[in-house]
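Every heavy atom of this structure was used, including side-chain atoms; hydrogens, water molecules and symmetry mates were not. Every chain is numbered from 1 and lettered A, B, ... according to where its sequence line falls, protein lines coming before strand lines. What you see is a predicted model, and the numbers here were worked out from it, not measured in a lab.
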Protein chains: 2
Amino acid sequence: MEEFAAVSGISRPTVSKYFNDPDSVRRTTREKIEKALERYEYRPNIYAINQNRKLTKNVGIVVPFLADPFFSEIARQIEQRCVQAGFRPTLFSSYGVPSVEVDILEALRSIKPAGVLLAPLGRASDRSAIESFCADIPTVLFDSNLEGMGEAFVGSDNFSFVSQTVEYLCRSGDAPCFFEMATPANPNANKRRLAYLEMAERLGFEPHVVKIEGEGWAFEEIGQRGALKILSEGGFPSDTILCSNDRLAIGLLSACYEKGLRVGRGDGCALRVASNDDHPFSRFTCPSLTTAAHDYEAVSSRSVERLGELVEAGGRFSSRSEELFPARLVLRESA
Amino acid sequence: MEEFAAVSGISRPTVSKYFNDPDSVRRTTREKIEKALERYEYRPNIYAINQNRKLTKNVGIVVPFLADPFFSEIARQIEQRCVQAGFRPTLFSSYGVPSVEVDILEALRSIKPAGVLLAPLGRASDRSAIESFCADIPTVLFDSNLEGMGEAFVGSDNFSFVSQTVEYLCRSGDAPCFFEMATPANPNANKRRLAYLEMAERLGFEPHVVKIEGEGWAFEEIGQRGALKILSEGGFPSDTILCSNDRLAIGLLSACYEKGLRVGRGDGCALRVASNDDHPFSRFTCPSLTTAAHDYEAVSSRSVERLGELVEAGGRFSSRSEELFPARLVLRESA
DNA sequence: AGTAAAAGTTTACGCGCGTAAAAATTAAAT
DNA sequence: ATTTAATTTTTACGCGCGTAAACTTTTACT
């Protein structure tokens, strides 16, 4: 930087100021530096910068399972918006393993991020590890809420999802049973079940929750196996099935196909299947999946916005906020 | 570190040595330090470390599209193995955008990685940018080969994929036509087409390459639209279709379902469909997809191994190696 | 016990940059 | 042309650690 300052005819502290914020120097000064920049392609050393700055521009984005297209899609959007907001995002996935999630948080501490956007594993998360992390690093939770943790939460309104799908299914045919994992990894799953039960009461139908066995994040396989088991043991309590999430539904549809059961709302269809999430692949299932869509854009943009505000506010909000975005019902062929 | 060295009763240079490599100090010394570590939870500042070390332990992993489960799966495995090898991996995705790929390489330069594992976009990549990057940073290419770039390439043997699927399809029924994008993003697609043509000649059948329009990485949609168009304009030249990759096949299967065409090898099936990749979702398509599987494990482990050797060798190999792993034919219901 | 090799200690420097303070310069305003 | 505010320059220090050199202590081995 010393040398570069010399060739650009500006003092080093001013050059340093320029790289911190190009608009903080006079226009003529900026132009001189930028002219020199074209000829000498100097880049400040990021490690030296971050060692001396109290606050880096790093942002950590943590998701529970990047191989799930839902998360890779939302991570993609969040990443983009972080860059637009002037941050340097780094993407992490715990791939469903709690200890990896803890390791990621540990690694994040060491890069002294301005803030972290965290979608926790959920039930399997080490709550005390996350709590102590949030105490040290400004953190916004998204997608999956852990009560009281982080400075803010941005996610989707599970009741909005389920109420719309249930309402639609009841309006257009039989009331649905609810298909889910017995021990869901994600807290959203619990909220969805509760929403289903609530809707059953409101609309006056008998709820049936069908729980299937399975651990981990291989939801499609769990859904497929669970559905095959149920189908060969007397079938579902209703011909209309609402799945807790699209990945389970993908497994269910594959099981139905295997069993020769036609899914859809037309004549000759044995089952109707609807679900929640609007997973990127749900348009290509057979039949295409009727589902309640996340507002990907709202969740991702609001998460990053909230993080920006948090960093601006010095890392703490006076009170923790929770923002939930409603779902949008997407009618396709499966129900 | 000064203070920590004091409380642990060891000199600072030795403590520094310890954090560089715990095994480089005497056992008794190590134990003293680790005992102190339990009580004072000191962590060396990663920025100060990397500023002074000639070589960081950072490794960049770059994939073209993380929302494609194929890449998220291979990225997952590579990430794991990097950690096991003592590296600090960071994951990047260009999400199909060439300028983002260039930005990523630029960002990678600034973190001075020990090495980079790069799966380039392919046709859309800025070759000169990648070339100049590889000249500066030790790079191993994987999945997608760019002639002469990087110190090594590790990928799958496209001929092995196509020869096995074609051979199987011919053996068990009619010869396949080949379904692909007119302007594929990935160089593997071209190799697969050539392999198909070569196999047609070897086995003595008339090749039919069916090309569909479409740009970008939304392969399922492109495959679906393309297939719908073809099906409503006279159909495919053969009742057996080999897709260039699984994501196109997923779109094709969805189009077939929509058209009421039964896919599979049994009686009453109008089409047989096979493909390449063994995409994580290909087990759950309707019907499940017969495909040639990548050796995910071999490709990912060998890539990381090769990178380790490269770093060990000081960043340069005397000659560029290309390693291709054969496919494994996975017979499912679609063909 | 004696000795060479291995490991640790002291001392000191430098990495590349942020940043503070005081002085000097420039730009804007009366 | 003066005054005043805004920038820039000079000078200087420090961040947290890697690392080299010379020296001292510990370990391993005959």
Side-chain angles (χ1 to χ4, degrees), chain A residues 1-37 40-58 86 88 106-114 136 311 314, chain B residues 1-37 40-58 86 88 106-114 136 311 314:
Chain A
M1 187 181 269
E2 195 79 54
E3 299 173 25
F4 175 76
V7 299
S8 58
I10 303 290
S11 72
R12 192 183 68 74
T14 304
V15 170
S16 169
K17 201 150 173 269
Y18 166 84
F19 280 109
N20 240 316
D21 174 12
D23 292 324
S24 70
V25 302
R26 197 151 39 197
R27 190 174 49 76
T28 58
T29 309
R30 188 171 59 238
E31 282 163 1
K32 278 193 208 168
I33 293 177
E34 279 163 1
K35 200 166 296 171
L37 218 42
Y40 294 89
E41 62 163 306
Y42 158 82
R43 302 278 160 191
N45 179 312
I46 201 167
Y47 296 111
I49 291 175
N50 286 335
Q51 175 176 19
N52 293 314
R53 247 211 285 267
K54 50 270 301 179
L55 208 60
T56 72
K57 295 203 165 184
N58 295 332
R88 293 183 83 258
E106 202 55 39
L108 274 172
R109 296 182 111 109
S110 74
I111 67 169
K112 303 187 181 178
D136 299 338
V311 171
Chain B
M1 187 182 271
E2 196 78 56
E3 299 173 25
F4 175 75
V7 299
S8 57
I10 303 289
S11 72
R12 193 183 67 75
T14 304
V15 170
S16 170
K17 202 150 173 270
Y18 167 84
F19 280 109
N20 240 316
D21 175 12
D23 291 323
S24 69
V25 302
R26 204 165 16 210
R27 190 173 50 76
T28 57
T29 309
R30 190 171 58 239
E31 281 164 1
K32 278 193 207 166
I33 294 177
E34 279 162 0
K35 199 167 294 173
L37 217 43
Y40 293 90
E41 62 163 304
Y42 158 82
R43 301 279 160 192
N45 179 313
I46 200 167
Y47 295 112
I49 291 175
N50 286 334
Q51 176 177 18
N52 294 315
R53 248 211 284 267
K54 50 269 301 178
L55 210 60
T56 70
K57 296 203 165 184
N58 295 332
R88 292 183 83 256
E106 203 54 41
L108 275 172
R109 295 182 112 109
S110 75
I111 66 169
K112 303 186 181 178
D136 299 338
V311 172

Problem - With sequence neighbours excluded, residues passing side chain to side chain donor-acceptor pair (under 3.5 Å) with A:Glu34 - result: A:Tyr18

Exercise for the section: Return yes if some donor-acceptor pair links the side-chain N/O of A:Tyr47 with the main-chain N/O of B:Ile111 below 3.5 Å, else return no. Expected result: yes

Practice task
Check every strand shown and say whether A:Pro44 touches a base, only sugar-phosphate, or nothing at a heavy-atom separation below 4.0 Å.
Solution key: sugar-phosphate

Exercise for the section: Would you mind classifying the nucleic acid contact of B:Thr28 as base, sugar-phosphate or nothing, using non-hydrogen atoms under 4.0 angstrom? Expected result: nothing

Problem - Distance test, side-chain N/O of A:Thr14 to OP1/OP2 of D:dT9, below 4.0 Å - result: yes

Problem - Pairs meeting criterion salt bridge (charged side-chain N to carboxylate O under 4.0 Å, His left out) with involvement of residues 3-14 of chain B, two or more places apart - result: B:Glu2-B:Arg12

Problem - Side chains of B:Asp23 and B:Arg30 in contact at under 4.5 Å (non-hydrogen atoms) - result: yes

Practice task
Find which nucleotide of DNA chain C each of B:Pro13 and B:Ala48 is nearest to by heavy atoms, and output the residue with the more 5' nucleotide.
Solution key: B:Pro13

Exercise for the section: Name the nucleic acid region contacted by A:Tyr42, choosing base, sugar-phosphate or nothing; use a 4.0 angstrom heavy-atom cut-off, strictly under. Expected result: sugar-phosphate

Fill in the blank from the handout: Here the distance between atom P of D:dT26 and atom CD1 of B:Ile10, to the nearest Å, is 12 Å

Problem - Salt bridge flag under 4.0 Å for residues A:Glu31 and A:Arg27 - result: yes

Completion exercise
The answer to which of B:Arg26 and B:Gln51 contacts DNA chain D further toward the 5' end, by nearest nucleotide, is B:Gln51

Handout entry: B:Phe19 and B:Phe4 aromatic ring geometry - parallel, tilted or perpendicular at 30°/60° bounds
Key = tilted

Problem - Covered region of DNA chain C, 5' end to 3' end, by chain B [heavy atoms, under 4.0 Å] - result: C:dA7 to C:dG16

